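Have a look at the structure below before the remarks.
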Amino acid sequence: MRASSYFAPTLREVPAEAEIPSHKLLLRAGYLRKLGAGVYTYLPLAWKVIRKMEQVLREEQELINCAEMRMPTLVPKELMEETGRWGLDVVYKLQDRRKADFALGFTHEEVITDLARQELRSWRDLPVMLYQVQTKFRDEPRPRGGVIRTREFLMFDAYSFDRDVDAMDTSYKAQRTAYERFFQRIGLRYLIVDADGGAIGDLDNQEFMSLADAGEDTVLSCDSCSYAANAEKCPVNPPATSETATSVSLEEVHTPNARTIDEVAAFLGTASSMFIKTLIYSADGKPVVVLVRGDHTVNDVKLARLVGAAELELAPEAMVVAVTGAPVGFAGPVGLTGVPIYADHAVTVLQSAVTGANKADFHITGVAAGRDFTWTVAADIRVAEDGDSCPMCTSGTMRTTRGIEIGHIFKLGDKYSKAMQLDVTGDDGKLQAIQMGCYGIGMSRSLAAIVEASHDKDGIIWPISVAPFEVSIVVAARQDDAQYAAADAIYKSMKAAGLDVYFDDRDERAGVKFKDADLMGCPIRVVVGKGLATGVVEVKQRGTDVVETVALADIIQRVTVLKQQLLTALNPATHHV
RNA sequence: CGGGGCGUAGCGCAGUUGGUAGCGCGCGACAUUUGGGAUGUUGAGGUCGCAUGUUCGAAUCAUGUCGCCCCGACCA
């Protein structure tokens, strides 16, 4: 491709809307433009990267016998109602001229399951794995981070259909391997973490996380074993030792205007870890009391699963007053009756704690768990934190980092097949529900994740497997006939040699072209300039400062070898994450 | 949806006590330059997000509204 007739509008200044590196660079380097909040146009460069990612994905899916297909974007309301998802807030809805309702596909379990139940008859038809790469629509409450979370985005989604749980496990593992190879080949380092399945279910599911400061998720990983989990999933070990019982007695203390843990802790001069944080939740409209240590945070996901509530949120003020008899900020477990009390393990060993007195402007000190209050259920309901002991190997320590969720694989079991009567005749002649799995990769998000992980102050540094161009040629002085002729000849022969090459033949000053080349981020740069007088050109790898001088006659050969080396470095057989 | 911030030229921004708009970059032309975002001369480009109101007069004040960004909620 010749720059003189290409469309890659670069910006010298960073648009005010961008904050994270990938967003800034993708805008500046001419990959993306915003149309509205969470709605982006992928300019030629970005689209080319996406297409290259897709190609790698296709090769890997082919290896596990997963076939590409394409489902509609318009999904009839009736189908969505079968699984109860028509009413979800994230669904974009529209009507046709006959007033028929449709959803814009935000995922395709319903469509694929409908197809499968019409076509799959016998266990002999299984297994089947299918995938597509398609635009998804979700009415996100808050799009953010450029292309990290958008309302319209490109996603790979695959679905597996198996006769039983063992076969489903096999499909799940095959996809996991395909994912590992895919991410390695596109040069994106990742961590596989245990995750919460959200509304889709609570069977085995794992997320592929690209570690980045701009990530939306908190990831905990063990510094000793290989265990890692999303913070919303990560189990917390119960306290190893219980505190020795003390004979401190209860004392009511006046704490005027001190409502938060920090305020009361400062007022009393007591550490927040000695507090019992008492929160009133509304679980499907009914009050529930939750106790965690003052320095801990309630894990809403764990709590919702424990309580078994569909809707769980902090109770409105009126409910708090009704339950505790005090305004918000003075709740405590002592003397609370008639409401289920869920206590985190860490709370059940406290022996001289501070908590609210269920009375305005008063707290109680010297509170002993078991002696002064009891609980309905003691469980793990707090968010895991940096420094916690590992729930798997118990000898390691968990450390936190931020991560971008680039892939998620799920075992669905029979959740959708039962809801939608997807069954086949088994080898015993009886109908049985199919075991499903579903697998997703955020393509546009992965694009951003690569940039987050691979850039410097000058621009993007693409892994060669997905770079928009493998090589970029810069003619230092376009108006020098000899230079231009040489560069043009190199360009043509590189194309003939099968290299994906970008030729910056614009009549710009050399500096401008160098800056743009760095921004764009192609892995190999060839400069045709002064050296031409002695028959040489320069070769430089993006991200390094080593400049190689290569004889004109050897340039194709040299660049081809370099390309091969860079590709080999990304090969799953040799590339260890 | 709650909290905070911002809407003025393609991009980044300024605009005083209310008097009908400016700077830098970018863009066009010309000249001089030419290996890391050149310099000079000159030129084009704006219903100041939108609406209503106050006023002789509104980018500026008031009310409303729309949009965008960040934090939180939310995120199959």
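Every chain is numbered from 1 and lettered A, B, ... according to where its sequence line falls, protein lines coming before strand lines. What you see is a predicted model, and the numbers here were worked out from it, not measured in a lab.
For the pair A:R478 and A:Y484, the cation-pi test (distance below 6.0 Å, angle within 45°) is passed. Stacking of A:K136 on the aromatic ring of A:F153 is not recorded, the 6.0 Å distance cut-off and the 45° axial limit not both being met.
In a base pair of the Watson-Crick type (N1 to N3 plus N6-O4 or O6-N4) or a G-U wobble (N1-O2 and O6-N3), with each distance short of 3.5 Å, B:rG26 is matched with no nucleotide. Using the Watson-Crick or G-U wobble rule with both distances under 3.5 Å, B:rA9 pairs with nothing in any strand shown. Using N1 to N3 plus N6-O4 or O6-N4 for Watson-Crick, or N1-O2 and O6-N3 for G-U wobble, each under 3.5 Å, B:rA51 pairs with B:rU63. The partner of B:rA44 cannot be assigned: no Watson-Crick or G-U wobble pair with both contacts below 3.5 Å exists in any strand. Checking B:rG2 for Watson-Crick or G-U wobble geometry (two distances, each under 3.5 Å) identifies B:rC71 as its partner. Of all nucleotides present, only B:rU32 satisfies the Watson-Crick or G-U wobble test against B:rA38, with each distance under 3.5 Å. Searching all strands for a Watson-Crick or G-U wobble partner of B:rU16 with both distances below 3.5 Å returns nothing.
In this structure, A:V383 and A:V298 approach most closely via the heavy-atom pair CG2-O, 3.6 Å.
Atom CG of A:D196 and atom P of B:rC74 are 12 Å apart (whole Å). Computed from coordinates, the A:R28 CZ to B:rG37 P distance equals 13 Å when rounded to whole Å. Here B:rG35 presents its P atom at 20 Å from OH of A:Y484, a figure rounded to the nearest Å. In this entry the distance linking CG of A:D507 with P of B:rU33 reads 15 Å, nearest Å. At whole-Å resolution of the value, CG in A:D456 and C1' in B:rG36 are 14 Å apart. Rounded to an integer number of Å, the gap from A:D481 CG to B:rU34 C1' is 15 Å. In this entry the distance linking CZ of A:R33 with C1' of B:rC11 reads 9 Å, nearest Å. In this structure, A:N299 atom CG and B:rC75 atom P are separated by 13 Å, rounded to whole Å.
Taking atom C1' in both B:rC70 and B:rU34, the straight-line distance is 43 Å, to the nearest Å. Comparing the C1' positions of B:rG19 and B:rG12 gives a spacing of 28 Å, expressed to the nearest Å. Distance noted for atom P between B:rU39 and B:rC48: 33 Å (whole Å). B:rG3 and B:rU47: their C1' atoms are spaced 34 Å apart (whole Å). Of the P atoms belonging to B:rU60 and B:rC50, the separation is 10 Å, rounded to the nearest Å. Taking atom C1' on both nucleotides, B:rG15 is separated from B:rC23 by 10 Å, rounded to a whole Å. Taking atom C1' in both B:rG37 and B:rA44, the straight-line distance is 23 Å, to the nearest Å. B:rA29 sits 22 Å from B:rG46 when the C1' atoms are compared, rounded to a whole Å.
Note on A:G145: only backbone sugar-phosphate atoms sit closer than 4.0 angstrom, heavy atoms only; bases stay farther off. A:E313 comes within 4.0 angstrom of no nucleic acid atom, judged by non-hydrogen atoms across all strands. Contact annotation for A:R478: no contact, since no heavy-atom pair falls under 4.0 Å across all strands. Nucleic acid contact for A:A37: sugar-phosphate only, since backbone atoms but no base atoms lie under 4.0 Å from a heavy atom of the residue. The residue A:D516 sits close to a base: some heavy atom pair falls under 4.0 Å. Among the protein residues, A:V527 comes within range of the nucleic acid bases, having at least one heavy atom under 4.0 Å from a base atom. Using a 4.0 Å heavy-atom distance criterion, A:E538 is classed as a base contact. Nucleic acid contact class of A:I148 (heavy atoms, under 4.0 Å, all strands): none. Within the 4.0 angstrom heavy-atom criterion, only backbone atoms of the sugar-phosphate kind lie near A:K34; the bases stay farther away.
Salt-bridge formation is not detected for the pair A:R293/A:D344: no Lys NZ or Arg NE/NH1/NH2 atom is positioned less than 4.0 Å from an Asp or Glu carboxylate oxygen. Classification of A:E216 and A:R144 as a salt-bridged pair holds, one side-chain N sitting under 4.0 Å from a carboxylate O. Under a 4.0 Å N-O distance rule, the pair A:D380/A:K302 qualifies as a salt bridge. A salt bridge does not link A:K233 with A:D194: none of the charged nitrogens is closer than 4.0 Å to a carboxylate oxygen. For the pair A:E110 and A:R85, the salt-bridge criterion is met [side-chain N within less than 4.0 Å of a carboxylate O].
Here the nucleotide nearest the side chain of A:R144, chosen from B:rC70, B:rC69, B:rG35, is B:rC70. Checking B:rG35, B:rG36, B:rC75 against the side-chain heavy atoms of A:A510 singles out B:rG35 as nearest. Comparing atom distances between the A:E140 side chain and each of B:rC75, B:rG36, B:rG37 picks out B:rC75 as nearest. In the set B:rU34, B:rG36, B:rC69, B:rG36 carries the atom at the smallest distance from any side-chain atom of A:K540. The side chain of A:R509 approaches B:rU34 more closely than any other nucleotide in the set B:rU34, B:rC75, B:rC74. Of the candidate nucleotides B:rC75, B:rC69, B:rG36, B:rG36 has the atom lying nearest to any side-chain atom of A:R525. Of the listed nucleotides (B:rG35, B:rC70, B:rG36), B:rG35 has the atom at the smallest distance from the side chain of A:K530. Comparing atom distances between the A:A16 side chain and each of B:rA38, B:rG37, B:rC13 picks out B:rC13 as nearest.
Applying the side-chain contact (heavy atoms from CB on, under 4.5 Å) rule to A:A116 yields the partners A:L120, A:F161, A:L422; only residues at least two apart in sequence or on another chain are considered.
Map A:E13 and A:G440 each onto its nearest nucleotide of RNA chain B; the residue landing nearer the 5' end is A:E13. Residue whose closest nucleotide on RNA chain B sits further toward the 5' end, between A:V14 and A:H408: A:V14.
Between A:R12 and B:rG12, a side-chain N or O to OP1/OP2 separation shorter than 4.0 Å is absent. Taking only side-chain nitrogens and oxygens, A:R142 never comes nearer than 4.0 Å to OP1 or OP2 of B:rC74.
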